[in-house]
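The structure appears right after this line, and notes come after that.
Ligands are counted one by one from 1 in listed order, and the atoms in each one are counted from 1 as well.
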Amino acid sequence: MTAFPDRMSDGPKGPGQDTSVLTKTKTKTERPPLYKVMLLNDDYTPMEFVVHVLERFFGLNHAQAFEIMLTVHKKGLAVVGVFSAEVAETKVAQVMDFARRHQHPLQCTMEKE
Ligand code: TYC
């Protein structure tokens, strides 16, 4: 017994030593982050191949696919869709794998919105 506070059990607590119970209620429901999937232009991938990729992996009709392909061709890149992280990663992987298997240098990337 001593008049001094017991070391460790009183006073400021170190990291991970706060044993108080958190009671604050979370009121905001955060939406999961979204990612833009983009196609990049290059000089070698055939236009028809890019149109096919857009139809096959992004569910675009031929006219939409052709329009986006032309935007990439003229502007250097275009957003082809916005998805959750998991779906965006899958799309990028599918496009990159399909392009590689056909030996085209087509590049597909994703970026947080
Ligand atoms: N620039 C390519 C060509 O002239 C066509 C192309 C379009 C390539 C879009 C890639 O993401 C791309 N054949």
T109 side chain reached by V92 side chain, heavy atoms, under 4.5 Å:
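The answer is no, as the side chains (C-beta and beyond) never meet within the 4.5 Å cut-off.
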Indicate yes or no: at least one non-hydrogen side-chain atom of C108 is less than 4.5 angstrom from one of M38.
no
Taking only residues at least two apart or on different chains, which pairs with a member in residues 101-113 satisfy salt bridge (charged side-chain N to carboxylate O under 4.0 Å, His left out)?
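Pairs touching residues 101-113 that pass the test: K36-E111, D97-R101.
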Donor-acceptor pair, Q64 side chain versus N61 backbone, under 3.5 Å?
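Present.
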Ligand 1: protein N/O within less than 3.5 Å of ligand N/O:
unit_1   : atom_1 : unit_2 : atom_2 : d
ligand 1 : 1 (N)  : N41    : OD1    : 2.7
ligand 1 : 1 (N)  : D42    : O      : 2.7
ligand 1 : 1 (N)  : H73    : ND1    : 2.9
ligand 1 : 4 (O)  : H73    : ND1    : 3.4
ligand 1 : 11 (O) : L40    : O      : 2.8
ligand 1 : 13 (N) : T45    : O      : 2.9

For H102, enumerate each residue passing the ring-ring contact (aromatic ring centres under 6.0 Å, His included) test, keeping only those at least two apart in sequence or located in another chain.
F49, F98
Donor-acceptor contacts under 3.5 Å from residues 70-87 side chains, at least two apart:
unit_1 : atom_1 : unit_2 : atom_2 : d
T71    : OG1    : E67    : O      : 3.0
S84    : OG     : V87    : N      : 3.4

